[in-house]
Amino acid sequence: MAIAITVGMTQPCRLNLHWKNNTKHKEREAKAMQMLQFQASLESNTKANRKTSPHLLRKLCKQGRLKEALHILREMEQPADHFTYTFLLQECIKKKAFSLGKLIHTHLNEIGFVPDTVLANTLLNMYAKCGRMLDARKMFDEMPERDECSWNVIIAAYSRHGFAEEALTLFHQMQQTDLQPNQFAYSSVLSACAKLAALEQGMEIHKQVISSGCATDVFLDCALIELYAKCGRVEKAHQLFEKMLQPNVVSGNIMIAAYGQNGRMEEAGKVFQDMPKRDVITWNAMITGFMQNGCVDEAQKLFRTIPKRNVVSWTAMIAGYAQNGRSEEALKSFLQMQRTGMKPDAQTFASALTACANMAALQHGMEIHDEIVKSGFQYDVFVNNALLDMYAKCGDIEKTHNLFDKMPKRNVVTWSTMIGGYAMHGLGMEAIKLFEEMQICGTKPNHVTLLCVLMACCHAGLVEKGLQYFHTMSECYDVKPAMEHYGCMVDLFGRAGHLNTARDFIYKMPIKPDATVWGSLLGACSVHKNVGLGKLAAERLLELEPDNATAYVVLSNIYAAAGMWEDHENTRRMITDEMDKKLPGHSWIEVNKQVHSFLADDS
DNA sequence: ATCTTGTTTC
């Protein structure tokens, strides 16, 4: 809103519009009075009493009238001082009025005002806080002089907004200057190391912290605990946690999350019990920990007892249900959440879509898609990736591709999902074309991308092409073949009927083949009716997983197909009651907008 | 000026 106020002209007709509505009328009247005073102060300001400008500006800021403050700035014949501009911008940051802050910056540029270091740092911080890292970087690069604060702000911002490598690079650059890192820079860069799981570098910096004699504070302590926790050194993290002089909620929360991520929920529970203060993050970390470790019931119990839920609590439940194969409950929670008046955010939508994808619930997925557009999250890359996957898993490859074309931003997951989608639908050549296009667009494939490419070759019967990618992946894409890639290659040979090649490939593997690799061979033997190899594959699989009922079933089917009824019966008898219970896999299908579950062999 | 919880491809 531009505040072009010509009091005499605009006010009366506006008031008349609301004449009948008494409250609105009063509001209007008050507003008009305010405007008149404002105008008066403006005039006195620009004419005689310029010295009151800073005072008036600060007063307006405190009343939250930032736009009016900007107007005064523009009207002033002389620029205000550095302190006033800094104060104004800090208010913008506090009130998250970033677009206004940007306008102030533009204004400063227009009048050719050269900021001092403190003001420049505040501008830098404004861009950093709202995640506009390109603007922040420009600000930083163009600063004629930088102090510790300038470095601290930019390092912290890079770390916070997911550019941990950049944070580390800048930290090293800072050390090339005459400036010494203090506890601010140290805690930010340690947090970046934690995010990268860069233990070596983190420990190196930890040593520096000690030798530099830098003042420690809770932030630094927390960053160190987080570093060791995220790098799997839970014991070390716990040691530091115990030694903390002023343990706080944050350090406790970090420990709970660390124990949860390492499958040690009992210890997480101990920390939770002993915490003198808990906040919603404490509860959410516990819930997430239980969900990550498959303890859905425990997570539910906590969710019921949590004193105050936020959007993260709900998302943790929805994502947790979906991750634990309970997608129906995930969708129910998603609906329940909205009934309580809680608004989903991008992450909630992404989790709900995962549940739809798991169940191939196209109608639900499309309804959520509508909601996403209505709530303005349709440009989020995570949301779009989840949508892409949902449409692909629901079998609508047309819609998947259309969405892919329209996406404003793509990352490696986007490309992998689309390639995987083509693979699922047997469109091998399309997948390969996209894989080549992805590289032209400058996105580096990861281990999942290569797995999707191999799967595409597998589903389309492109044996030679698959082999070629497999042999060059380490060298060309810097992705070392892992178990899942070997498993996929066995699948590729097996489906094509090259059973002996598949067997020899397994024998030549540099890592010990796991159950899924033998399972792939077993499956192929079933399709191509090879009793000898099938028996071998089943034996190896059962060595690794003695309770794998599916192995017995498939092997018995191989015997049956070969007419070997005695072996068939003997194999069947190996299946215990306990194994039998786990046998039939659940599948989901959507009929008339209702999600139904059915068992294998159901009609 | 700095910290912790939930999201996408296997």
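Numbers restart at 1 for each chain; the letters A, B, ... are given by sequence-line order, proteins then strands.
Backbone-only engagement by A/T288 is indicated by non-hydrogen atom pairs under 4.0 Å involving sugar-phosphate atoms exclusively. When heavy atoms are screened at a 4.0 angstrom cut-off, A/D217 is found touching base atoms of the nucleic acid. The residue A/N182 sits close to a base: some heavy atom pair falls under 4.0 Å. Within the nucleic acid shown, A/T348 comes within 4.0 Å of at least one base atom, counting heavy atoms only. Using a 4.0 Å heavy-atom cutoff across all strands shown, A/C149 reaches at least one base atom of the nucleic acid. Within 4.0 Å of A/T315, counting heavy atoms only, lies at least one base atom of the nucleic acid. Among the atoms of the strands shown, base atoms are found under 4.0 Å from some heavy atom of A/V311. When heavy atoms are screened at a 4.0 angstrom cut-off, A/N125 is found touching the sugar-phosphate backbone but no base atom. Residue-level contact check: A/A223 touches neither bases nor backbone, having no heavy atom under 4.0 Å from any strand. Within the 4.0 angstrom heavy-atom criterion, no nucleotide atom of any strand lies near A/N121.
In this structure, the aromatic ring of A/F184 is not positioned over the six-membered ring of the base of B/dT2 within 5.5 Å between centres and 30° between planes.
By the 30° and 60° cut-offs, the orientation of the rings of A/F241 relative to A/H238 is tilted. The aromatic rings of A/Y477 and A/Y469 are tilted relative to each other, their planes meeting at an angle between 30° and 60°. Using bins of under 30°, 30° to 60° and over 60° for the plane-to-plane angle, the ring pair A/Y158/A/F163 lands in the perpendicular bin.
When each of A/N411, A/L388, A/V448 is paired with A/T417, the side-chain contact (heavy atoms from CB on, under 4.5 Å) condition holds for A/L388 and for no other.
Distances shown here put every side-chain N or O of A/K195 at or beyond 4.0 Å from the OP1 or OP2 atom of B/dC3.
When each of B/dT8, B/dT2, B/dC10 is scored by its nearest atom to the side-chain atoms of A/V413, the top-ranked nucleotide is B/dT8.
Donor-acceptor pairing under 3.5 Å, judged by distance alone, is present between the side chain of A/S416 and the base of B/dT9. Counting distance only, with no hydrogens placed and no angle test, the side-chain atoms of A/N310 and the base atoms of B/dG6 include no donor-acceptor pair under 3.5 Å. With hydrogens and angles left out, the side chain of A/S188 and the base of B/dT2 share no donor-acceptor pair within 3.5 Å.
Applying the salt bridge (charged side-chain N to carboxylate O under 4.0 Å, His left out) rule to pairs touching residues 155-168 of chain A yields A/R137-A/E166, sequence neighbours excluded.
Side-chain contact check for A/H206 and A/Y228: at least one donor-acceptor pair (N or O, by modelled atom type) lies under 3.5 Å.
Contacts between residues 296-308 of chain A and DNA chain B, defined by a heavy-atom separation below 4.0 Å, involve no residue at all.
In this structure, A/E298 pairs ionically with A/K301, as a charged nitrogen and a carboxylate oxygen lie closer than 4.0 Å.
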